[in-house]
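Below is one structure; the comments refer to it alone.
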Amino acid sequence: MAGEFVPEGPDLKEMGEEELWELINDNRHRISLGVRPCIVIPYLRQARVLTEMDEDEILSCHNLTNRCMRTSYMLDLLRTQGRNGAVALLESLMIHYPTLYTQVTGRKPSTEPSRFSGLIKYSELTEYLVRAVTGMQKELQEARCEAGRMSARCASLELEIGQIMEQEEKSRCLQSENERMQRYLCSLQREVTKLKDEKCDLYIRYTAAIEEQSAVNERLHNLNLQVYQLQTDLQNVQTETDIQKKLSFRCVSTPETPQLQEEVRSLRCQLAKAEKLDPARQDILAQDLAEAIDSQVELAGQLRCYREENEQLLRDKQGLLDQKQCLSLQVEQLTLDCKMHQQKSTLIQSQMRALQAERDQAYLSRDEAQAMIARILAEKDTLRCQLVELQEKFFSLQTTHNSRQQRQSSDELEVGWESLRSSCEEFRVPARRRLCRSNAVNPMSLSSSNSEYEDAAASSVRSRNAEPPSPESIRRRQKVLNADSSCETAESDYLLDDFVFLPSVGSEDKQTPRFSSSSGSSSCGLNLLRTLAPPFLVRSRPKAIRVNGRVLSISFQGEKLLSQLTVVGGNKTGVFVHQVTEGSAAHTVGISNGAQIVEVKYEQNHKALKMVLEDSTLEEAMWALGQVTGLCHLSLRPRQDDYEALLQQLRSCETSSGDSFYVRVNMSLPAGPGGTLAVSCNDILHVTNTQPAGTEDMWYASQVHPCQLLDLQSGTVPNYYRAQRLLIRAIEEMSFQAKKSPKICRVVAQNKQKAVRIVSTGRLGRNPLWVSVEDEKTKSVDTGATSAPKGCVTLMPYTLVTPHYPPICRPVLLLPTVLGRILDKKLAGWQGFQLCEPEVLSSSEHTARLQRSEILEECEQEHCCYTLQSVEKVMKKGIHCVLPLGLDCVRRLHRSEIFPIIIYVGQTARSARKLRSKLQRHGQSEDQLLACSSSEEPLLDKLPCLYHSVAPDSWCDQTSLLNSLRTVIWEEQKKIVWVEPDLW
């Protein structure tokens, strides 16, 4: 800066009021952006262009929501002070913002006394500069300490990262061991399948042997029957033969004898033949029977062996199943540990980036402070040199003047001796040693001698010497001090015009002192008032009312506050006072209907608490006002027109309250008696009343049309804390059923709709739908008994959502990722779809876009990545951009107001077999698809938006799946996008 040429602008002392303010207004935007009011206000207060009330309004007004508005309001207040306000502002810029001062005025900043206008006394200006340098030294020391802490913190984080990397390496080893065990398990399953096939073959052979044995037995039985029949016939023939013999002996007729003999002969021949054939047949049958018995014994032995082998295989199978279950549990545990370590590493990296940014900022602040201290020291040395030169000139002039007086005549010396003596005594400066550079003094050592410095500063008003002036100089300047005190008295009188003094509220028997305007002068009256030391100031009302913009702060006794007043409204319209009980403390202090309650402050358990009710619901406001016990402070804003409009809507039944917000349901609730609304998980509800009449712990809500912002079926639903208890109970029942019968629970979970969605408040630490309670001392959220009326856990049954209406075609993201890589090119081939292409960036451009969070996902090639600009380029064409990315890109797209269509295709072993050929063509397997699906499905519930799920049984091949996806994309494009706030 020293080597640069800065053109000198016009002298500020020669410029008028209008010229100065025209110069400031030309640079108003630059001043509003670059100036912090809390830094320049102390100088403006010391210059007496701003009062304490002005400072309070600038720094704590509710209407001034950011720094630019506060700075602009400060400029408006300074404009009312005329030329002094402009000069004081430029001088404060010259001290605290020298670069901005040069840009505004075109002059170099300098701390020479001649460059100041004289609004602040020279001694006070020197003291202010010393305090500024001391403050900068403290800030520099704090910055160095903070940098040391940041360095230690970075070292500890690096150590933790190393430990996490070691744990990640161990998890990789365990994962590889798990994969090896899975492969070994698959080989054992294949061997079991082979044994089962051999067992089936043996059963078939055994069945065939049994059938052959039954055929042999049947044949043997038939042969036995034939032998028995032949024996019976033989006995009959023998009997008949004997009878014939007997008859032949008895019969004497000769003609029949030859015939009978022929028959006997033939029968004997047949009998001989029969006797010859019978033993052979019996031998054959006996031999067949022996063979059949041997084969039966052999088959029985084989069957026994097969049964023993079957039992052994069943025992082996049970052991393998137990081993598989143990391995699956270990895999799940390792997967959870790996995810936890990944989340921890991500969090630690983000913290490291934040710490590095803070460290860089601390280094910059330290460098700036060092540069400013060096510049101030250089200016101080220059001023000291100038002071020494002026002192030498003064001494030389004094010596010349004395020598001239000695050369005058003795008569003139006698005549004018008295006047000369008085003039010398008046202007003589006491002899002192020359100024020299002294060592730095510890600022903490100055605290013990503050009173001495204050007395010296008070006695050296407008003194231009390094030491205090003489008593004559003090008496000569007494008039100036009287003038300043009269100005301060007038200003104090102006501030006290609207206030009266009251005694303590609790003492009723004490009388209020009264003062008349004719009791004396204004200064005497002010001194009398100051000696009485009243407890507090109030206007001409029973209690203190302070006007801060359009917000009134009222203090009164708020015992049973809800019995003193009733409220209406909600988060959409604001909470208004509806009725005030006559004779109550609220009625006494002047609270009337139509005032909006902005804020309530009270004391509980010796802690000062503050609740902001400006955007709270009616339920929150009722609970907050019910917590008040004792003295309270209400901040009210008069909004009579809005209150009348709300009452008219309530009378015409256009609305039931002033509440209106949208929530996403994270659990399924059945319909119940009394008009309870049945809702499912991931439904969107429009809550229109948080305190419906005739119900307790209920909200009145309506289901929302998916494509338009219209209310459909209406009814009551449990409020936040009642739904939270129901959610906890549902989770407990699900966990109990899962422990009792995991297989049945797994089958039911596959067939039924999703019951709950686990969402927690994350870093918020409190309910985002509930009123915030702040401690006035610590300004921290109280999560104890004052944060909620009931026990609050982190589970959220409802989450707030906001509607978005994408004007153009939304990008498409297919999940699981393995299936999306296969179908993305098919979708990109359709009309109206285009695949997102990666970009190759340079190293500097890659780093810059990475800092701006414009990189969605990295590719395998170096500096090749998918960027936000490539997605926007496709969307500008009015077509769908197909994203070949993962779930991590969703939040980055949401930050840029891009809301993709997320489609999750559910997978089972049966559906994965339908895509076997496609998976093998892309180098993937069915197991990898199922593993990817099971790992990405739980992450869908953590997304801040809704997604569409395609059932695995709704398609049979790739063509039908693509047709289903086309229909889903067309339907999702017409729907409203509901987005949750980022809870993580």
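In this chain, residues are counted from 1 in sequence order.
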Please name all residues satisfying side-chain contact (heavy atoms from CB on, under 4.5 Å) with Gln708, sequence neighbours left out, ordered by chain then number. His705, Leu710

Between Lys975 and Glu971, does any NZ, NE, NH1 or NH2 come within less than 4.0 Å of an OD or OE carboxylate oxygen? no

Does a side-chain N-to-carboxylate-O contact under 4.0 Å join Arg729 and Glu733? no

Hey, is CE on Met340 packed in by over 12 heavy atoms from elsewhere, all under 6.0 Å? yes

Salt bridge (Lys or Arg N to Asp or Glu O under 4.0 Å) involving Glu854 - partner list, sequence neighbours excluded: Arg852

Quick one: sort the Trp978 and Tyr662 rings into parallel, tilted or perpendicular, breaks at 30° and 60°. tilted

Can you say whether the rings of Phe833 and His880 are parallel (under 30°), tilted (30 to 60°) or perpendicular (over 60°)? parallel

Salt bridge present between Glu980 and Arg757 (N-O < 4.0 angstrom): yes

Can you establish whether the number of heavy atoms outside Lys914 located under 6.0 Å from its atom NZ is more than 12? yes

Would you verify whether the NZ or CZ of Lys826 falls within 45 degrees of the ring axis of Trp830 while also being under 6.0 Å from that six-membered ring's centre? no

Can you tell me if Lys876 has over 12 outside heavy atoms packed within less than 6.0 Å of its NZ? no

Arg849 bridged to Glu839 by N-O distance under 4.0 Å: yes

What pairs with Arg916 under salt bridge (Lys or Arg N to Asp or Glu O under 4.0 Å), at least two apart in sequence or on another chain? Glu926

In terms of heavy-atom contacts, Gly570 and Asp659 come closest through CA-OD1, 2.9 Å

